[in-house]
Protein chains: 2
Amino acid sequence: MATIYQVSELAGVSLATVSRVINNNSLVSEKTKLKVLEAMKKLDYRPNTVAQSLASNRSNSVGILVSELHGSFYGSMMSDIELALREFGKHAIITAGHSDEKSEKEGVEFLISRSCDALILHVEAVSDEYLIELKTRKIPFVTVNRYIPEIAANCICLDNEMGGYTATKFLLQQGHRDIAYIAGPLWKTDAKNRYDGHLRALQEFNIKPNKRLIYEGNFQEEGGQKGVQVLLETGIAFSAIACANDEMAAGAMSALREKGRSIPDDVSVIGFDNLVFSRYTYPKLSTINYPISDIGKTAASWVLNNLYIDRKEDIQHLFIPELVVRDSVKNIN
Amino acid sequence: MATIYQVSELAGVSLATVSRVINNNSLVSEKTKLKVLEAMKKLDYRPNTVAQSLASNRSNSVGILVSELHGSFYGSMMSDIELALREFGKHAIITAGHSDEKSEKEGVEFLISRSCDALILHVEAVSDEYLIELKTRKIPFVTVNRYIPEIAANCICLDNEMGGYTATKFLLQQGHRDIAYIAGPLWKTDAKNRYDGHLRALQEFNIKPNKRLIYEGNFQEEGGQKGVQVLLETGIAFSAIACANDEMAAGAMSALREKGRSIPDDVSVIGFDNLVFSRYTYPKLSTINYPISDIGKTAASWVLNNLYIDRKEDIQHLFIPELVVRDSVKNIN
DNA sequence: ACAATTATTGTAAGCGCTTTCATAAATGTT
DNA sequence: AACATTTATGAAAGCGCTTACAATAATTGT
């Protein structure tokens with residue numbers, strides 16, 4: 001790999017000048033700029049970004065931490081962010097936190113030590129304090145799907161409580177009164193908030209939640225299956241299940257079918273997230289839309305606005321989830 | 001952020017010594033090592049990986065390039081690779097190539113300029129020559145899902161031709177004779193190979209392929225939908241459709257259902273890839289399993305073996321896809 | 001007791017770039 | 001013509017680390 005030094009030699013100028021044309025530092029005469037560009041081309045020169053980062057303390061890359069690299073949820077988020085960044089010549093460095101505190105911290109520190117210019121974090125396990133401290137460390141970052149009052153300006157998130165409320169309210173409006181709930185891991189704030197929304201909707205209809213119709217799952221397909229199993233074993237009748245995400249809804253649907261319950265005739269099911277595959281399920285899943293694409297783009301905009309570009313757009317910090325009506329909920333009024 | 005210099009000062013040793021304990025260079029006495037570790041802890045010291053990379057020309061990170069960051073296919077690959085690497089303290093730097101030559105090259109060069117120790121590439125648009133040249137540049141890399149004879153040792157891939165063959169042969173064995181094919185973009189080698197496999201199976205049963213029963217899709221849901229539309233418009237009868245991937249199969253299924261064809265009674269459908277969602281479709285999709293998880297792990301092993309660890313395992317370079325029988329194909333014998 | 005090893009630590013030269021500051025050349029001003 | 005500005009370039013000091021190589025201390029053998 002050619003270095004800046006060889007370029008400067010070939011072009012007959014100093015290192016500094018070459019550096020200036022690399023960075024488009026206007027203070028170079030057209031004539032020398034051309035000489036340098038030619039030399040760069042001739043040597044197939046490519047700046048060493050590591051050296052650039054070290055010297056400038058910038059890296060033109062933003063770190064992204066998601067819980068998992070798989071799953072359509074994170075996938076589209078990463079994808080949207082990367083696309084938005086690349087448009088401005090910025091790159092994404094992506095790593096996974098695996099919903100584990102140690103792993104998440106490790107990931108964050110890794111990204112910082114790579115001198116990412118900013119971070120976009122989908123963290124679940126680290127404490128609020130850690131994130132607040134991160135802010136005092138002067139590291140530009142934005143959290144996705146997590147709201148912390150002390151650093152509200154750094155948070156972009158969905159109103160999960162409202163989503164949970166909307167889902168259950170829809171079931172209630174369709175005439176359901178005996179509603180089971182398959183929750184996510186309640187230590188995760190989004191799972192907790194969705195559950196709270198569910199409770200609020202019930203309360204609004206003066207329905208006492210039945211503890212035995214609540215199952216705490218793991219946000220995965222398997223959680224939905226186990227949930228249905230447990231719910232059926234209680235022997236308590238229910239005409240609908242609200243699930244805290246689509247994956248568990250998919251699991252619930254297959255478990256129900258295996259037990260001979262037809263959907264939505266025997267049991268209605270509603271999900272949450274509106275993942276790509278929810279259109280493929282049978283019946284097509286009614287769910288709550290998580291505008292992940294918008295949120296990803298917004299996170300990217302936050303970074304661009306705060307770091308790279310001089311535009312002062314306002315950014316939306318709270319997104320309201322909307323109901324997506326498909327075929328998995330029956331009106332029994 | 002504390003630097004190595006401050007640590008050395010606090011511990012009362014030289015920079016070199018601190019560097020040695022960071023890198024576990026055994027040539028440090030237990031006593032001084034403790035002093036240094038203590039100083040590091042006291043200062044909450046974290047090595048600057050950028051400086052490390054620049055000085056050592058290693059980065060403990062491997063670059064991954066996939067076509068897209070979304071999609072369950074790439075998702076699980078990235079996920080498996082990251083997991084395997086992290087076990088050895090290595091990190092993944094991920095970027096997307098968007099199946100576009102310029103974009104893929106840009107991504108590769110970005111990863112190189114980040115001094116990744118090795119690359120794992122899922123590239124589709126760059127030429128064989130480019131990859132061959134990459135090898136001469138002494139950059140350790142492995143390609144996934146792409147076989148280039150000249151650099152066979154760097155390729156890990158699925159026998160796509162065999163997969164295409166297996167899928168169509170299964171349809172034939174189930175009694176189907178009028179088989180439509182929805183291909184992927186044929187400029188992509190995997191799409192081409194799958195199609196070739198399809199043709200071989202037909203040939204084995206002495207069936208002349210009907211050009212009009214072949215549609216070249218885009219590997220996306222929409223491609224499957226359009227494909228079905230075009231196929232039905234020909235007016236030519238067919239009892240089964242083989243699709244070059246699951247996404248198009250899902251699209252084909254919904255299009256068929258919209259046209260009043262029931263699956264598998266009127267038309268059988270088989271996919272390719274065995275994506276997660278293929279279990280959620282209705283009817284559950286029969287397909288060809290792409291052992292993406294194994295391939296991801298193998299790619300990671302290749303890197304680990306070649307770069308970091310001194311184990312001389314042999315690595316599987318060619319994977320044979322297997323049939324997954326579910327409910328979307330009817331036996332009409 | 002002394003040379004020969006060996007184990008431990010320090011010195012200093014980079015890695016490839018950016019950026020401040022100084023200098024030189026070109027231009028404008030009166 | 002003398003001086004102030006502006007513009008273009010270069011010299012050189014880092015950025016925070018690694019790693020020869022040199023130097024010193026500790027250990028061993030005889």
Side-chain angles (χ1 to χ4, degrees), chain A residues 1-37 39-40 43-61 91 109-117 138, chain B residues 1-40 43-61 91 109-117 138 308:
Chain A
M1 271 296 216
T3 73
I4 198 175
Y5 179 74
Q6 300 169 35
V7 174
S8 78
E9 238 182 353
L10 183 59
V13 298
S14 73
L15 292 189
T17 303
V18 177
S19 173
R20 285 183 189 111
V21 347
I22 291 171
N23 298 287
N24 243 318
N25 250 336
S26 49
L27 335 149
V28 185
S29 73
E30 210 50 38
K31 209 175 56 186
T32 52
K33 185 185 262 178
L34 282 176
K35 272 196 307 189
V36 171
L37 287 173
M40 290 187 1
L43 292 172
D44 193 26
Y45 168 76
R46 256 175 271 279
N48 178 321
T49 58
V50 174
Q52 285 182 313
S53 298
L54 183 59
S56 68
N57 208 27
R58 279 183 280 95
S59 65
N60 282 321
S61 63
H91 278 273
E109 301 298 339
F110 167 72
L111 294 172
I112 293 174
S113 76
R114 289 256 136 193
S115 46
C116 290
D117 298 337
K138 300 287 168 215
Chain B
M1 269 295 216
T3 74
I4 198 175
Y5 179 74
Q6 301 169 34
V7 173
S8 78
E9 237 183 353
L10 183 60
V13 297
S14 74
L15 292 189
T17 304
V18 177
S19 173
R20 285 183 189 110
V21 348
I22 291 171
N23 297 288
N24 244 319
N25 249 338
S26 50
L27 333 150
V28 185
S29 75
E30 211 50 38
K31 209 175 56 185
T32 52
K33 184 185 263 180
L34 282 176
K35 270 196 306 186
V36 171
L37 287 174
E38 200 174 331
M40 289 186 1
L43 293 172
D44 192 26
Y45 169 75
R46 256 174 271 279
N48 178 323
T49 57
V50 174
Q52 285 181 313
S53 298
L54 182 59
S56 66
N57 210 25
R58 279 184 281 95
S59 66
N60 281 321
S61 62
H91 278 272
E109 301 299 339
F110 167 72
L111 294 172
I112 293 173
S113 77
R114 287 258 138 193
S115 46
C116 290
D117 298 338
K138 300 289 171 218
Y308 299 122

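Sequence lines set the chain letters: A, B, ... in the order given, protein chains first and strands last, and positions in each chain run from 1.
Residue-environment remark: CD (B/E109) exceeds the threshold of 12 foreign heavy atoms within 6.0 Å. Enclosure of atom CG in B/N57 is not indicated, since only 12 or fewer non-hydrogen atoms of other residues, nucleotides or ligands lie within 6.0 angstrom.
Between B/K31 atom NZ and C/dT9 atom P the separation is 8 Å, expressed in whole Å. Taking atom CZ of residue A/R46 and atom C1' of nucleotide C/dC17, one finds them 17 Å apart after rounding to whole Å. In this structure, CD1 of A/I22 is placed 10 Å from C1' of C/dT18, rounded to the nearest angstrom. Nucleotide C/dT18 holds its C1' atom 8 Å from the CD1 atom of A/I4, rounded to whole Å. Distance, B/E9 CD to C/dG10 C1': 15 Å, rounded to whole Å.
In this model, the phosphate group of C/dT18 is not approached by any side-chain N or O of A/Y5 to a distance below 4.0 Å at OP1 or OP2.
Panel note: side chain B/S56, backbone B/Q52; a donor-acceptor pair is recorded below 3.5 Å. Formation of a donor-acceptor pair under 3.5 Å by the A/T49 side chain with backbone atoms of B/S113 is found in this model.
Among the atoms of the strands shown, only primed sugar atoms or phosphate atoms (P, OP1, OP2) are found under 4.0 Å from some heavy atom of B/T32. Residue A/N57 is classed as having no contact, given no heavy-atom separation below 4.0 Å to the nucleic acid.
Using a 4.5 Å cut-off on side-chain heavy atoms (C-beta onward), B/S14 and B/T17 make contact.
A/L10 pairs by the side-chain contact (heavy atoms from CB on, under 4.5 Å) definition with A/A39, A/K42, A/L43, not counting sequence neighbours. Partners of A/L37 according to the side-chain contact (heavy atoms from CB on, under 4.5 Å) rule, which considers only residues two or more places apart in sequence or in another chain, are A/V21, A/K33, A/M40. Listed by chain and residue number, B/V13, B/T32 satisfy the side-chain contact (heavy atoms from CB on, under 4.5 Å) test with B/K35 (two or more places apart in sequence, or in another chain). Residues satisfying the side-chain contact (heavy atoms from CB on, under 4.5 Å) criterion with B/N60, sequence neighbours excluded, are B/K90, B/D117, B/Y308.
Close approach of DNA chain D to chain A, defined as any atom under 4.0 Å from a non-hydrogen atom of the protein, starts and stops at D/dA8 to D/dG16.
Set against C/dC17, C/dT19, C/dT9, the side chain of B/S29 has C/dT9 as its closest nucleotide.
Of the residues in residues 10-21 of chain A, those with a non-hydrogen atom less than 4.0 angstrom from any atom of DNA chain C are A/A16, A/S19, A/R20.
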